There are 2 protein chains.
Amino acid sequence: MELEKVTKSLAGDDKRRYDDACGLAHALELVGERWAMLILRELAYGPRRFSGLKADLSGISANVLTQRLAELERRGIVRKTRLPPPASVQVYEATEWGLEIEPLIGALGKWAARSPNHNPTLPMSPVSLMMSLQTLFSPERAAGLEARVGFRLGESEYVASVGRERVDIERTDAAGSDVIFSGNSNDVTGVIHGGAPFETITVEGDLGLAKRFLTLFPLPPKAG
Amino acid sequence: MELEKVTKSLAGDDKRRYDDACGLAHALELVGERWAMLILRELAYGPRRFSGLKADLSGISANVLTQRLAELERRGIVRKTRLPPPASVQVYEATEWGLEIEPLIGALGKWAARSPNHNPTLPMSPVSLMMSLQTLFSPERAAGLEARVGFRLGESEYVASVGRERVDIERTDAAGSDVIFSGNSNDVTGVIHGGAPFETITVEGDLGLAKRFLTLFPLPPKAG
DNA sequence: CCGTATCCAATAAGATACTG
DNA sequence: CAGTATCTTATTGGATACGG
């Protein structure tokens, strides 16, 4: 049984292979399985705990998450580490190489947002929202603006630093930002991308900046 | 039975969905199935026939190819058309929107080529080879060079135009290029990326240029 | 909290043969 | 050439229950 399982797992890696030297084919062997890229997305801004991943990947089951993390680790894309004391909890983080796929993931998301079938009203994880700020950012619309915009999304806090040509995201205390959006990530997404009124969430600080901020992330034009 | 099939196909689209507004999740619903991105890769430089796709996607079976093409068509990524007379054969081509995923596909391939497990000795389709020229191109190494390099790879011919900052690929008659590489795509790949000697294929034209050309596509450094 | 172990159902993929 | 039709296999994913 032990042996059989090993054989099966090897088969899983071998038989389902694309026999193709093309880098893309290899990419799909590395991160092409269901959930794999979404897990990597969740690791974009730093290490995450198992339960956090499970919570933000709506619909994944524990065993699938375990399996994907193990595969990604075996392939050198994810690393299992322990946070320094006093936290000392076990976390997963992307390796340096693994981190390099994040811009591509973001670009894929931007591409797909042009689909006529894209439904932006579905739930959105905090990381998805932060990533959307980076991929949809319009430098032209932000001309001359520099600001720190904070987010309190459930357990996690982020700061988006708007600069001349890009937005940098840090997972860190939002206090001290020029303006802070607070609420669950779905509601905040509604305000940022869906045009929902501020009253649906909490907005503290420079409200003028908040209003301007919302204009910086135009949705790409629909295809077709 | 008819009805059952419809129900099943809807289930395939619905149940396997990621419930996630994130663009990436939608991208994976659009092109995340096995073979889908590889099919799009094959459409990068123009329309292709069913049999050509099947031949270059080593290992795909006819029914899977049929199904993928139908899905991609339904999603607005691929279009089924007929070549103008006198050819008048039926072909598949990427839509304008579908074409925009090509650079992302190329970047994914380049990322994956850094994997310690990447095996560059496997077979490589003509399109893969052409795409690798674009993704691995080093503008620094090509400083001052402008040239047209032709390829005759089995049935298909391509011309790579090396410019200041990029390589453009066209699927067109190779005649008139400054140098022409001919052979099956695996052998030519061996020469271009594997350091195999010219004798394994046919090289006609400016041999000095051919030698220089080989230096323009450094493999990215391995991760880990 | 962080998983592992087991089981079941759905389905996708592959092989093969066949048709307009 | 361009696919369908059919059948078999095995992988995947999801649910549940359990252990450190």
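In the text below, chain A, chain B and the rest are named by the order of the sequence lines, each starting its count at 1. Everything numeric here is computed off the predicted structure, so don't read it as measured data.
- Checked against dA2(D), dG13(D), dG14(C), the side chain of V64(B) finds its nearest nucleotide in dG14(C).
- In this structure, R34(B) forms a cation-pi arrangement with Y18(A), its terminal cationic atom sitting closer than 6.0 Å to the ring centre and no more than 45° off the ring axis.
- Taking atom NZ on K54(B) and atom P on dA2(D), their separation rounds to 12 Å, with Å as the unit.
- At whole-Å resolution of the value, CG in L83(B) and P in dC1(D) are 15 Å apart.
- Distance from the side chain of T66(A) is smallest to dT4(C) among dT4(C), dG14(C), dA2(D).
- OP1 or OP2 of dG13(D) lies within a sub-4.0 Å distance of a side-chain N or O belonging to R68(A).
- Contact annotation: R48(B) does not reach the phosphate of dC1(D) (side-chain N/O to OP1 or OP2, under 4.0 Å).
- On a pure distance criterion of 3.5 Å, a polar donor-acceptor pair joins the side chain of N63(A) and the base of dG14(D).
- One interatomic measurement links the two molecules: CD of E33(A) to P of dT12(D), which rounds to 7 Å at whole-angstrom precision.
- The CD-P distance, from E71(B) to dA12(C), rounds to 8 Å in whole Å.
- Applying the 4.0 Å criterion to OP1 and OP2 of dC1(C), one finds that S51(A) has every side-chain N and O outside that range.
- Closest approach to the A62(B) side chain among dG3(D), dG14(C), dG3(C) is made by dG3(D) (side chain taken as heavy atoms from C-beta onward).
- Rounding to the nearest 0.5 Å gives a distance of 10.0 Å between CG of N63(A) and CZ of R68(A).
- Between I60(A) atom CD1 and dG13(D) atom P the separation is 8 Å, expressed in whole Å.
- L65(B) places its CG atom 13 Å from the C1' atom of dA13(C), with the value rounded to the nearest Å.
- Remark: R152(A) fails to qualify as a cation-pi partner of Y158(A) under the 6.0 Å distance and 45° angle criteria applied to the six-membered ring.
- Checking the phosphate oxygens (OP1, OP2) of dA13(C), no side-chain nitrogen or oxygen of Y18(A) falls inside 4.0 Å.
- Between Q67(B) atom CD and dT6(D) atom C1' the separation is 14 Å, expressed in whole Å.
- One interatomic measurement links the two molecules: CZ of F50(A) to P of dG20(D), which rounds to 18 Å at whole-angstrom precision.
- Comparing dG13(D), dC2(C), dC1(D) by their closest approach to the side chain of R49(A) singles out dC2(C).
- A salt bridge links R75(B) to E33(B): one of the charged nitrogens lies within less than 4.0 Å of a carboxylate oxygen.
- A distance-only check finds a donor-acceptor pair linking the side chain of H118(B) to the backbone of A21(A) [under 3.5 Å].
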